[in-house]
Peer 1: 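The following block contains the structure, expressed as structure tokens.
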Amino acid sequence: MVAGTLAAGAIALSLSGCGDSVEPTERLGRKTAEEKPASPSPSAPASSSAATAADEAYKKWGLTGPVQYAPKPAVKPQLPPGKPGKVPVTDRIPVPGGEKTVFLTFDDGAEKNPEFLKMAADLKLPISMFLTDNIASSDYGHFEKLRDNGSGSTINNHTLTHPNLRTLPFAAQKKEICGQQERLEKRFGTKPQWFRPPYGNYNDDTLKAAAECGISHLVLWRVSMQINNFQYAEGSALKPGDIILAHFRGPAELKGATEIEMTTRMLQRIQEQGYKIGRLEDYL
């Protein structure tokens, strides 16, 4: 995928990202350089009893029907490679025609609600986590439990301190990315393959630094979950292959709403539009 600028309409759209509240605008999509062991897919439960339990869990968490999961594809979609020495950028997955599948990603790691662990485990939500060290490290064990709950969730890189990377020189960017690679590998036993830049901001130095740190993909998004509803990079509805951005946030940042309430509303919006949830690692 060639780094470039999204359509003007999408750039103008304010999507909440990894800031101090739900209000800050995060940039969506690809920016110009000038602006300087996986768990089994949740779609295949180990037994019929497990499937029944997952089907019944929706009632406990305020949903009107079971969460629908996309099956693991036989072959991963083909994505354009990055330029030499730089990682490729992905903000939407090219799913097969007619397949209404979206993907869940959660950023930062500020909120560590034990009840959310129960919700994610009950519903077998496949979450791709992007953790920032100085936000999440006070209780990395919380996210380890989320990773190990049988849903196929994974832990990925979101820098050491959550800076706007486009304001930093190459060496400082590399320190932020490689430093978090090292800390996550030391804590969780594996080095992440994916990276998400804070605020969605990056430049050519970011792509080069990420490649040198062992990253295989820079992962962005096209849809952002707010407190009650989605905001879209384009249009007014989900599109097949959309990567959804949410955050590990609590009442202080969600204007009194809980992480569970926000997630329930997100799942409701996905169901209302007739979409299934895929495990991003099965496609990327």
Side-chain angles (χ1 to χ4, degrees), residues 1-19 21-32 35 58 61-70 77 79 89-108 123 125-128 130 196-202 218-249 253-280 283-284:
M1 182 174 294
V2 179
T5 306
L6 282 178
I11 289 293
L13 179 61
S14 172
L15 296 190
S16 175
C18 309
S21 71
V22 296
E23 299 301 332
T25 299
E26 281 213 18
R27 301 179 185 273
L28 263 256
R30 303 169 290 274
K31 299 299 169 189
T32 61
E35 291 180 319
Y58 74 88
W61 299 107
L63 301 174
T64 58
V67 178
Q68 299 297 311
Y69 296 106
L79 294 168
V89 180
T90 301
D91 57 13
R92 179 178 283 150
I93 301 298
V95 297
E99 182 178 304
K100 298 182 69 174
T101 302
V102 294
F103 306 92
L104 304 182
T105 67
F106 278 64
D107 281 13
D108 298 349
L123 296 175
L125 298 178
I127 297 171
S128 300
F130 291 85
R196 174 172 283 164
Y199 316 105
N201 288 345
Y202 69 94
L218 188 150
V219 180
L220 298 178
W221 64 93
R222 288 293 186 99
V223 180
S224 174
M225 182 60 195
Q226 307 299 293
I227 298 172
N228 297 304
N229 293 297
F230 288 133
Q231 283 189 316
Y232 303 95
E234 54 184 326
S236 58
L238 293 169
K239 296 181 183 297
D242 272 345
I243 297 172
I244 298 172
L245 166 67
H247 291 86
F248 294 109
R249 287 175 173 166
E253 296 176 298
L254 297 176
K255 298 182 178 179
T258 67
E259 184 177 36
I260 291 172
E261 290 170 336
M262 181 273 293
T263 303
T264 296
R265 292 164 187 156
M266 177 173 65
L267 296 175
Q268 289 171 340
R269 304 299 174 259
I270 291 171
Q271 291 179 321
E272 289 165 1
Q273 297 187 46
Y275 277 79
K276 296 181 179 180
I277 296 172
R279 180 175 180 266
L280 188 55
Y283 290 74
L284 183 60

Peer 1: Would you please test His247 and Glu253 for side-chain contact (heavy atoms from CB on, under 4.5 Å) and show each step?
Peer 2: CA-CA 10 Å; His247 291 86; Glu253 296 176 298; over 6 Å; no
Peer 1: How would you list, by chain and number, every residue that makes a side chain to side chain donor-acceptor pair (under 3.5 Å) with Tyr275, sequence neighbours excluded?
Peer 2: none
Peer 1: To the closest 0.5 Å, what do you measure between CG (Leu280) and OG1 (Thr105)?
Peer 2: 8.0 Å
Peer 1: Counting only N and O atoms by type, is there a donor-acceptor contact under 3.5 Å from the side chain of Gln271 to the main-chain atoms of Pro66?
Peer 2: yes
Peer 1: Let me confirm one number: the OG1-CG distance from Thr264 to Leu123, rounded to the nearest 0.5 Å.
Peer 2: 8.0 Å
Peer 1: To the nearest 0.5 angstrom, please state how far the CG atom of Leu245 sits from the CD atom of Gln226.
Peer 2: 8.5 Å
Peer 1: Side chains of Thr90 and Ile243: does their closest heavy-atom pair fall under 4.5 Å?
Peer 2: yes
Peer 1: To the nearest 0.5 Å, tell me how far Met262 CE sits from Leu267 CG.
Peer 2: 9.5 Å
Peer 1: Test side-chain contact (heavy atoms from CB on, under 4.5 Å) on Val219 and Phe130; report intermediate values, then the result.
Peer 2: CA-CA 10 Å; Val219 180; Phe130 291 85; 3.9 Å; yes
Peer 1: Heavy atoms only: give me the nearest Phe103-Arg279 pair and the separation to one decimal.
Peer 2: CD2-C, 3.9 Å
Peer 1: Please examine the side chains of Arg92 and Asp242, heavy atoms only from C-beta on, and report whether any two atoms are closer than 4.5 Å.
Peer 2: yes
Peer 1: Starting at CD of Gln231, measure out to CH2 of Trp221 and round the result to the nearest 0.5 Å.
Peer 2: 12.0 Å
Peer 1: Check whether Lys100 reaches the backbone of Gln273 with its side chain - one donor and one acceptor, N or O, closer than 3.5 Å.
Peer 2: yes
Peer 1: Do Thr263 and Leu104 have side-chain heavy atoms sitting under 4.5 Å apart?
Peer 2: no
Peer 1: Do you know the tightest heavy-atom contact between Leu220 and Tyr202?
Peer 2: CD1-CE2, 3.8 Å
Peer 1: Could you state the interatomic distance from CD (Glu261) to CD1 (Ile227), rounded to the nearest 0.5 Å?
Peer 2: 10.5 Å
Peer 1: Identify the two heavy atoms, one from Tyr283 and one from Ala70, that lie closest to each other, and give their separation to 0.1 Å.
Peer 2: OH-CB, 3.6 Å
Peer 1: Can you name the nearest heavy-atom pair linking Met266 to Ile244, along with the distance?
Peer 2: SD-CG2, 3.9 Å
Peer 1: Ion pair present between Asp91 and Arg222, side-chain N to carboxylate O less than 4.0 angstrom?
Peer 2: yes
Peer 1: Using modelled atom types only, decide if a donor and an acceptor are shared between the side chain of Thr101 and the backbone of Gly241 within a distance under 3.5 Å.
Peer 2: no
Peer 1: For Phe106 versus Ile127, what's the shortest heavy-atom pair and its separation?
Peer 2: CD1-CG2, 3.6 Å
Peer 1: Step by step, work out the side-chain contact (heavy atoms from CB on, under 4.5 Å) result for Met225 and Phe230.
Peer 2: CA-CA 5 Å; Met225 182 60 195; Phe230 288 133; 3.7 Å; yes
Peer 1: Looking at every non-hydrogen atom in both residues, tell me the closest pair between Ile277 and Pro126 and how far apart they are.
Peer 2: CG2-CG, 3.8 Å
Peer 1: Residues in side-chain contact (heavy atoms from CB on, under 4.5 Å) with Glu272, at least two apart?
Peer 2: Gln268, Arg269
Peer 1: Under the rule for salt bridge (charged side-chain N to carboxylate O under 4.0 Å, His left out), what residues qualify as partners of Glu99, not counting sequence neighbours?
Peer 2: none
